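Below, all heavy atoms of this structure are taken into account, side chains as well, without hydrogens, waters or symmetry copies. Numbers here simply count residues along the sequence, with the first being 1. These numbers were taken from a predicted model, which means no experiment stands behind them.
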Amino acid sequence: MGQNAARNINSFLVCGLGNLGQYCVSVLKEFGAKVNAIEIENIQKWEIPDISDLVDKLVIGDCRQPKVLEQAGIGMCQAILIVTSDERVNIAAAFAARLLNPNLRLVIRSAQENLNELLSENLGNFVAFEATQLPAKSFALAALSSETRDFFTLENHLVRVVRVPIDVSHPWSNYYPLQNINNLHRRVLFHAKAGKPLPKIFYQWEPNAQVLPGDTIAYIEVSQNLILPSVQSARSIKQFWQAIVITLKWQNLGNRLTQFWKQNSQTQRVAIVCSILMVGLFLCGTVLYKLQYPKITLQDAINVSLVLSLGGYDNLFGQIQLPFPVPWWLHLFSISLTVAGTVFVGILYAIMTEHILAARFQFSKGRPSVPKADHIVLIGLGRVGRRVAQLLLDLKQPLVGIHATDLEPGVLPQMPLIVGNITNALSKVNITTAKSVIVVTDDEVVNLEIALRTHAANPTASLAIRTFDPRFSENVAQLLPYARVMGVYALAAEAFAAAAFGENILNLFRLNKQTILVTEYQIEANDTLNGRLLTDIAYGYGLVPILHAKADHQGAKFMPSDDIRLGVGDRLVVLGTIEGLQRVERGSIPVGQWLVRVEQAVSAQAAFEGASVISRVCGCDMQLARTLMKQLPETLQYPLYKHQAHRLVSELSKSQVLAHIVRTV
């Protein structure tokens with residue numbers, strides 16, 4: 001949640017200065033925060049240069065010990081980030097920290113999802129992430145070589161982030177103005193002119209620009225409404241009964257039976273015929289015994305017929321003399337029923353044996369064969385690699401994995417796998433025809449070597465590389481400009497750090513070499529967001545509102561209007577960089593630099609409607625707007641953001657009011 005600027009003096013405590021911990025310290029210092037740290041032992045070599053200078057106070061000791069936590073100043077901390085590589089240590093430290101500071105925000109590294117839910121319920125003000133899982137989708141998307149940069153679900157909707165190059169055949173070619181691409185389901189994120197570098201600042205584009213061939217546009221859209229399971233079940237049941245009614249019509253019944261008969265194997269046909277015959281004999285036996293012996297009950301008649309059907313002739317007639325008089329024709333029918341039942345049971349055993357053997361064969365069957373072309377090669381199947389593989393398989397992507405050792409039979413069984421020396425394995429995965437290669441082993445030097453080999457074998461393949469050290473990452477990115485170089489801990493640390501300020505991070509992705517965080521806010525009375533228009537959020541803080549819900553939870557809206565004013569209890573989901581979240585935390589918002597000059601209104605009604613438009617778009621007092629409309633031509637002395645000013649001019653024109661924007665002096 002966004003807090004007021006006074007909270008900037010608060011400090012943070014980071015427990016565990018491994019790769020992730022060091023990145024967390026670095027990101028927190030970008031917020032201008034005071035950062036203390038606890039490490040179990042002195043570190044001789046830091047992964048991030050000069051990280052020791054960023055730590056305000058370093059305590060050597062066990063973060064599970066109350067004395068060590070107190071020495072590190074836990075009582076004065078806003079949040080604690082417990083990010084050691086040992087989950088048991090992290091959980092134990094979380095309990096110790098909560099006892100010492102009941103109001104502390106706990107952000108821990110843990111992959112135990114069920115346990116994390118229980119801890120959240122019992123500890124409160126708690127969030128847990130797994131560092132290796134957060135950026136997995138970034139690696140998967142890097143291999144897709146498609147316009148989709150990210151996807152996630154929100155309020156049972158599928159949300160996509162798309163980056164598309166514009167050519168002469170694109171519907172947006174020569175589109176004007178750019179701001180009109182926005183609609184109820186889509187928001188433009190950036191616009192890059194042909195031949196010019198991509199924008200370095202997130203969410204800055206000219207609203208009145210023209211889209212030309214060669215340009216690049218990125219946008220976010222709500223592309224699909226997912227059906228809730230309960231609704232889907234209800235629809236399925238309804239469709240099921242409708243299908244039965246249609247099938248039972250006489251004109252369709254014969255065709256259905258013929259089609260069903262042809263679709264079954266010979267064994268299944270025999271089983272169907274025998275089942276129908278046995279049901280008929282069973283019912284016939286029940287009726288005959290009830291008619292022949294009217295004094296017995298219907299239940300007794302059913303029992304006799306069932307015993308005979310299961311081969312129980314000797315249970316009824318196994319004595320030297322029959323226990324009761326039986327007519328010869330009924331005796332003969334009983335023998336026939338027993339013989340038919342015995343044969344039927346034998347057929348059932350045969351079918352069951354066939355299915356069991358087929359299931360065993362399917363279970364013991366090897367992995368699928370390696371795809372021939374247009375596939376993805378995933379090298380390294382540790383925790384990150386397995387997560388990436390599962391995402392790609394869920395997306396129905398042709399995939400083959402390479403790993404130094406074999407995986408357990410139940411791990412990714414539907415994925416082709418080459419085991420052994422990675423260099424030798426490259427020749428076995430059709431690397432020359434692959435569309436993408438993802439290198440995510442735990443050794444970044446090995447990753448670089450493999451990347452060079454794969455690029456030499458297939459220069460056209462997309463390449464994504466996992467790295468750890470920031471200097472190494474920068475050097476590799478310069479050496480391999482054709483590759484996407486991504487540091488796992490660098491990506492994850494931004495989510496950990498943002499969560500430490502109280503933000504609820506729903507997702508993160510990479511766009512234009514920036515990490516974009518999907519963040520949820522619950523507006524409180526002392527928030528810097530309380531009382532703000534969404535225009536201020538978008539163009540002041542540089543965040544993109546993609547969902548807004550009022551405090552009463554009614555009518556959550558995607559791509560909400562910029563005219564909405566936030567109130568206590570509202571829920572807001574935005575896209576933004578960590579710099580944008582930092583501006584919210586500090587309450588640092590620039591003033592608009594544009595004014596709108598209103599020239600004339602064609603009628604009194606237009607003037608009345610124009611005043612309402614000004615008040616709604618600008619958020620200014622209605623009396624000020626009405627006074628302006630009575631003194632035309634006049635300049636509205638209310639500084640606006642550029643997008644806001646352009647939209648005001650557009651809305652006024654719809655009300656038959658002529659206006660244009662001017663820059664403030």
Peer 1: List the steps and the verdict of side chain to side chain contact (heavy atoms under 4.5 Å, CB included) for L381 and M415.
Peer 2: CA-CA 11 Å; L381 289 166; M415 180 189 69; 3.6 Å; yes
Peer 1: Is the backbone of L511 close enough, under 3.5 Å, to the side chain of R163 for a donor and an acceptor to pair up by distance?
Peer 2: no
Peer 1: Hey, are the side chains of V574 and V544 touching, using non-hydrogen atoms and a 4.5 Å cut-off?
Peer 2: no
Peer 1: CD1 of I418 to CD1 of I402: how many Å apart, nearest 0.5 Å?
Peer 2: 7.0 Å
Peer 1: Do P371 and N430 come close enough that some side-chain heavy atom pair is under 4.5 Å?
Peer 2: no
Peer 1: Where the side chain of D570 meets the backbone of K550, is there a donor-acceptor pair that is under 3.5 Å apart?
Peer 2: no
Peer 1: Say you draw a straight line from CG of N447 to CD1 of I379; how long is it, rounded to the nearest 0.5 Å?
Peer 2: 8.5 Å
Peer 1: Of all the heavy-atom pairs spanning L399 and P416, show the shortest one and how long it is.
Peer 2: O-CD, 3.0 Å
Peer 1: Which heavy-atom pair separates A434 from A461 by the least distance, and what is that distance?
Peer 2: O-CB, 3.7 Å
Peer 1: Kindly indicate whether the side chain of Y219, heavy atoms from C-beta on, has any atom under 4.5 Å from the side chain of I181.
Peer 2: no
Peer 1: State, to 0.1 Å, how close L547 and P560 come at their nearest heavy-atom pair, and which atoms those are.
Peer 2: N-CD, 3.9 Å
Peer 1: For the CG atom of D374 and the OG atom of S436, what is their distance to the nearest 0.5 Å?
Peer 2: 9.5 Å
Peer 1: Supply the atom-to-atom distance T286 OG1 to L281 CG, rounded to the nearest 0.5 angstrom.
Peer 2: 10.5 Å
Peer 1: Distance-only, no hydrogens or angles: does the D442 side chain make a donor-acceptor pair with backbone N or O of G382 under 3.5 Å?
Peer 2: no
Peer 1: If you count the non-hydrogen atoms of other residues, nucleotides and ligands that lie under 6.0 Å from CD in E408, is the total more than 12?
Peer 2: no
Peer 1: Supply the atom-to-atom distance L412 CG to H403 NE2, rounded to the nearest 0.5 angstrom.
Peer 2: 10.5 Å
Peer 1: S427 side chain to N424 main-chain N or O, any donor-acceptor pair under 3.5 Å?
Peer 2: yes
Peer 1: Please determine which of V83, L20, T467 meets the side-chain contact (heavy atoms from CB on, under 4.5 Å) test together with Y489.
Peer 2: L20
Peer 1: Over all heavy atoms of both residues, which pair between A143 and K435 is shortest? Give the atoms and the distance, please.
Peer 2: O-CE, 4.4 Å
Peer 1: Tell me, do V304 and I296 make a side-chain contact under 4.5 Å, heavy atoms counted?
Peer 2: no
Peer 1: Kindly give the heavy-atom pair with the smallest separation between M559 and R186, and that separation in Å.
Peer 2: CG-N, 3.8 Å
Peer 1: Flag the pair F558 / V159 as yes when at least one side-chain heavy-atom distance between them is below 4.5 Å, and no otherwise.
Peer 2: yes
Peer 1: Can any side-chain N or O of N458 pair as donor or acceptor with the backbone N or O of T454 at less than 3.5 Å?
Peer 2: no
Peer 1: Provide the closest heavy-atom pair for L392 versus I376 in the form atom of the first, atom of the second, distance.
Peer 2: CD2-CD1, 3.9 Å
Peer 1: Are any of the side-chain heavy atoms of L407 and V419 separated by less than 4.5 Å?
Peer 2: no
Peer 1: With no hydrogens and no angle check, is any side-chain donor or acceptor of T342 less than 3.5 Å from a backbone partner on T338?
Peer 2: yes
Peer 1: Do I465 and I450 come within less than 4.5 Å of each other through their side chains, counting heavy atoms only?
Peer 2: no
Peer 1: Would you compute the distance between atom CG of N183 and atom CD of E221 and round it to the nearest 0.5 angstrom?
Peer 2: 8.5 Å
Peer 1: Do E520 side-chain atoms and L506 backbone N/O form a donor-acceptor pair below 3.5 Å?
Peer 2: no
Peer 1: Start with the C-alpha gap between N90 and S110, add the side-chain angles, then the distance that decides, and say whether side-chain hydrogen bond (donor to acceptor under 3.5 Å, both in side chains) holds.
Peer 2: CA-CA 8 Å; N90 296 343; S110 172; over 6 Å; no
Peer 1: Between F496 and V127, does a side chain to side chain contact (heavy atoms under 4.5 Å, CB included) hold up when you go through it step by step?
Peer 2: CA-CA 9 Å; F496 276 88; V127 64; over 6 Å; no
Peer 1: Report yes if the side chains of L288 and W329 come closer than 4.5 Å at any heavy-atom pair, otherwise no.
Peer 2: yes
Peer 1: Decide whether S169 and D167 meet the rule of one side-chain donor and one side-chain acceptor closer than 3.5 Å.
Peer 2: yes
Peer 1: Please lay out, stage by stage, how R98 and N125 fare under the test side chain to side chain contact (heavy atoms under 4.5 Å, CB included).
Peer 2: CA-CA 10 Å; R98 173 59 74 232; N125 201 9; 3.8 Å; yes
Peer 1: Before giving the answer on side chain to side chain contact (heavy atoms under 4.5 Å, CB included), spell out for L306 and F282 the whole-Å C-alpha distance, their side-chain angles and the decisive distance to 0.1 Å.
Peer 2: CA-CA 7 Å; L306 181 61; F282 168 76; 3.9 Å; yes
Peer 1: Do the rings of Y482 and H455 sit parallel, tilted or perpendicular, given the 30° and 60° boundaries?
Peer 2: parallel
